[in-house]
Amino acid sequence: MFFLRLLTPLLLCLAWLALPARAATDGAAVVAEISRRGDAAVAAYDPAHPLPTAAEFSSLYFEVFEGAGMELDLGMKSPGLKSELEVLFGAVNGQAMRAAPVAELHAAWQALRSKLQQAGALYGTAQDGGFLPVFIQSLLILLREGAEAMLVVGALAAYLRRVGGADRVWVLYAGVGIAIPLSLLTGWALTGALQAVGTSRAVLEGATMLLAAAVLFYVSFWLFSKREAQRWQAWIGGQIDSALSRGSLLTLGGAACLAVYREGAETVLFYHALASGATGQDGAIATGIGAAAAILLAAYFALRHLALHLPYPLFFGGTAVLLYGLAVVFMGQGIIELQAAGSLGSFHLAGAPHISWLGLAPTAQGLTAQGLMLLLPGLAWGWRQRRSAPA
């Protein structure tokens with residue numbers, strides 16, 4: 001793991017050098033273009049023939065907001081604002097697809113337009129390209145993108161060690177090792193190859209998040225079922241070798257791979273965008289990557305040390321809750337991405353909370369999906385109780 005943690009920053013550095021050069025994003029111009037075309041689309045909107053308006057807003061998101069690099073650039077400057085814009089793009093597109101009344105579509109567009117102006121204001125002054133600002137941006141990118149992956153891999157590695165499977169932790173590291181080159185390849189593909197055939201980065205991100213949510217949910221429920229000491233002792237007594245040599249071991253490796261891959265491609269693109277807009281500051285970027293990698297590595301070993309000294313019920317229960325919480329977050333974030341790209345409907349709920357880091361968005365689809373995930377453990381527990389009850 002130590003080797004992989006050191007290798008990751010190097011691969012990220014190579015990634016932004018290998019990707020084609022990209023001009024710095026002109027956020028004000030992107031906002032002006034979206035505003036102009038959005039005003040025209042809303043003015044021409046006819047509920048009896050809504051598809052042209054829906055198609056135009058899909059084009060504005062995919063070809064202008066995402067295609068011109070503003071989505072990626074804004075993800076570095078203000079991740080929360082970027083998430084809000086994705087939700088609002090999905091809301092406008094969803095209103096049009098449902099042939100909503102003109103007044104409702106207009107209100108949704110004005111909300112999106114207002115947030116776009118707020119985003120455009122971030123580009124109103126020249127970017128400070130000094131060492132310290134670039135270093136801080138570089139540091140925060142890897143910390144923000146790597147924290148969730150570190151938690152997943154760290155928790156699963158601690159689990160294997162607690163069950164006497166320390167010699168099989170290599171499966172997790174193999175998953176991480178597979179995810180890194182896949183992330184680099186995806187980052188390269190998303191700069192041209194996939195966009196050339198009409199594939200949105202948001203669609204790929206959304207699908208990956210939903211898959212990761214499903215795998216983490218399965219793993220968390222499996223761990224939670226072993227939190228009771230007597231069940232753990234029965235399981236470890238005769239099944240650990242066979243259990244960890246079958247599908248469960250591959251599932252753990254897959255969870256590690258998906259957790260790293262989910263963040264890796266976006267991290268590569270973030271660093272590529274940062275390098276494109278901070279010419280001559282490669283030292284600041286590399287220093288930020290090194291500092292963030294050291295922090296994540298220290299957090300990884302701290303998590304592992306703590307986990308090894310927790311009582312079994314607390315360890316299994318805590319690990320299950322951690323992975324389950326991340327699964328719920330991934331579910332919400334995946335739905336946001338798919339809604340923004342127009343691949344999933346969006347019914348906006350005015351007044352509902354929006355907490356981007358929790359994947360919580362004010363849409364019926366997102367809140368329903370996350371709500372169902374929160375209910376699943378209770379339903380599964382009830383089902384297990386009924387099965388174990390005497391006839």
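We're numbering straight along the sequence, starting at 1. Worth saying up front: this structure is predicted, and the values here are computed from it rather than measured.
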Task: Same apolar cluster: Leu60 and Ile336, side chain cutoff 4.5 Å - done: no
Task: Steps toward side chain to side chain contact (heavy atoms under 4.5 Å, CB included) verdict (Leu349, Thr363) - done: CA-CA 5 Å; Leu349 299 175; Thr363 69; 5.9 Å; no
Task: Ser78 and Gln118: side chain donor to acceptor below 3.5 Å - done: no
Task: Pairwise distance CG(Leu156) to CG(Leu323) - rounded to 0.5 angstrom - done: 5.5 Å
- [ ] Taking all heavy atoms of Asn93 and all of Ala54, pick out the closest pair and write down the distance.
- [x] ND2-O, 3.0 Å
Open item on the list: Working note: Met150 + Leu297, criterion side chain to side chain contact (heavy atoms under 4.5 Å, CB included); need CA distance, chi angles, decisive distance, verdict.
Closed with: CA-CA 8 Å; Met150 182 277 298; Leu297 185 62; over 6 Å; no
Open item on the list: Parallel, tilted or perpendicular, judged at 30° and 60°: which one describes the rings of Phe65 and Phe89?
Closed with: tilted
Task: Exercise: identify the closest heavy-atom pair between Gln95 and Ala108 - done: CG-CB, 4.1 Å
- [ ] Answer yes or no: is there a side-chain heavy-atom contact under 4.5 Å between Arg161 and Val169?
- [x] yes
Open item on the list: Salt bridge check, Asp39 against Arg113: does any charged N sit closer than 4.0 Å to a carboxylate O?
Closed with: yes
Task: CG-CD1 distance between Leu139 and Ile295, expressed to the nearest 0.5 angstrom - done: 5.0 Å
Open item on the list: Could you check whether Trp109 and Tyr45 have their ring centres less than 6.0 Å apart?
Closed with: no
- [ ] Describe, in one word, how the ring planes of Phe131 and Phe135 are oriented to each other, choosing from parallel (under 30°), tilted (30 to 60°) and perpendicular (over 60°).
- [x] parallel
Task: Leu258 side, atom CG; Leu210 side, atom CG - distance, nearest 0.5 Å - done: 11.5 Å
Open item on the list: Using 0.5 Å steps for rounding, measure from the CG atom of Leu376 to the CG atom of Leu372.
Closed with: 6.5 Å
- [ ] Give the cluster check for Leu338 versus Val328: same hydrophobic cluster or not, with ILVMFWY residues linked at side-chain heavy-atom distances below 4.5 Å.
- [x] yes
Open item on the list: Measuring only between side-chain heavy atoms, which start at C-beta, is Met70 closer than 4.5 Å to Val31?
Closed with: yes
Open item on the list: I'd like to know whether NE2 of His106 has more than 12 heavy-atom contacts from other residues, nucleotides or ligands below 6.0 angstrom.
Closed with: no
TODO: Take Leu81 and Leu122, measure what side chain to side chain contact (heavy atoms under 4.5 Å, CB included) needs, and give me the verdict at the end.
DONE: CA-CA 11 Å; Leu81 182 55; Leu122 298 177; 4.1 Å; yes
- [ ] Flag yes if Leu160 and Leu306 sit in one hydrophobic cluster, no otherwise; membership is Ile, Leu, Val, Met, Phe, Trp, Tyr, and two members link when side-chain heavy atoms are under 4.5 Å apart.
- [x] yes
Open item on the list: Membership question, hydrophobic clusters at under 4.5 Å side-chain separation (ILVMFWY): are Val30 and Val92 in the same one?
Closed with: yes
Task: Trace of the side chain to side chain contact (heavy atoms under 4.5 Å, CB included) decision for Leu360 with His354 - done: CA-CA 5 Å; Leu360 193 65; His354 181 196; 5.9 Å; no
Task: Hydrophobic cluster identity match, Ile34 and Leu112, side-chain contacts under 4.5 Å - done: yes
Open item on the list: Between Gln365 (side chain only) and Phe347 (backbone N and O only), is there a donor and an acceptor less than 3.5 Å apart?
Closed with: yes
Task: Rounded distance [0.5 Å steps], CG in Leu105 versus CG in Asp46 - done: 11.5 Å
TODO: Heavy atoms only: give me the nearest Ala155-Leu322 pair and the separation to one decimal.
DONE: CB-CD2, 4.1 Å
Open item on the list: Looking at every non-hydrogen atom in both residues, tell me the closest pair between Ala99 and Pro47 and how far apart they are.
Closed with: CB-O, 3.3 Å
- [ ] Please report the closest heavy-atom contact between Leu74 and Ala119, naming both atoms and the distance.
- [x] CD2-CB, 4.0 Å
Open item on the list: Using side-chain heavy atoms (C-beta onward) and a distance below 4.5 Å, is Ser356 in contact with Glu84?
Closed with: no
Open item on the list: Applying side-chain hydrogen bond (donor to acceptor under 3.5 Å, both in side chains), can you list everything that pairs with Arg37, at least two apart in sequence or on another chain?
Closed with: Glu56, Ser59
Task: Leu252 vs Val171 side-chain heavy atoms within contact, under 4.5 Å - done: no
Open item on the list: On a heavy-atom basis, which atom in Ala96 and which in Thr53 lie closest, and how many Å separate them?
Closed with: CB-CG2, 4.2 Å
Open item on the list: Please check: side-chain N/O of Glu66 versus main-chain N/O of Tyr61, any donor-acceptor pairing under 3.5 Å?
Closed with: no
Open item on the list: Within the structure provided, determine whether Ser83 and Gln333 are in side-chain contact (heavy-atom separation under 4.5 Å).
Closed with: no
- [ ] Measure the CD-CD distance between Glu63 and Glu33 for me, rounded to the nearest 0.5 Å.
- [x] 10.5 Å
Open item on the list: Given 3.5 Å as the limit, does a donor-acceptor pair link the side chain of Ser114 with the main chain of Gln110, or not?
Closed with: no
TODO: State, with a plain yes or no, whether a side-chain heavy atom of Val176 is found less than 4.5 Å away from one of Leu172.
DONE: no
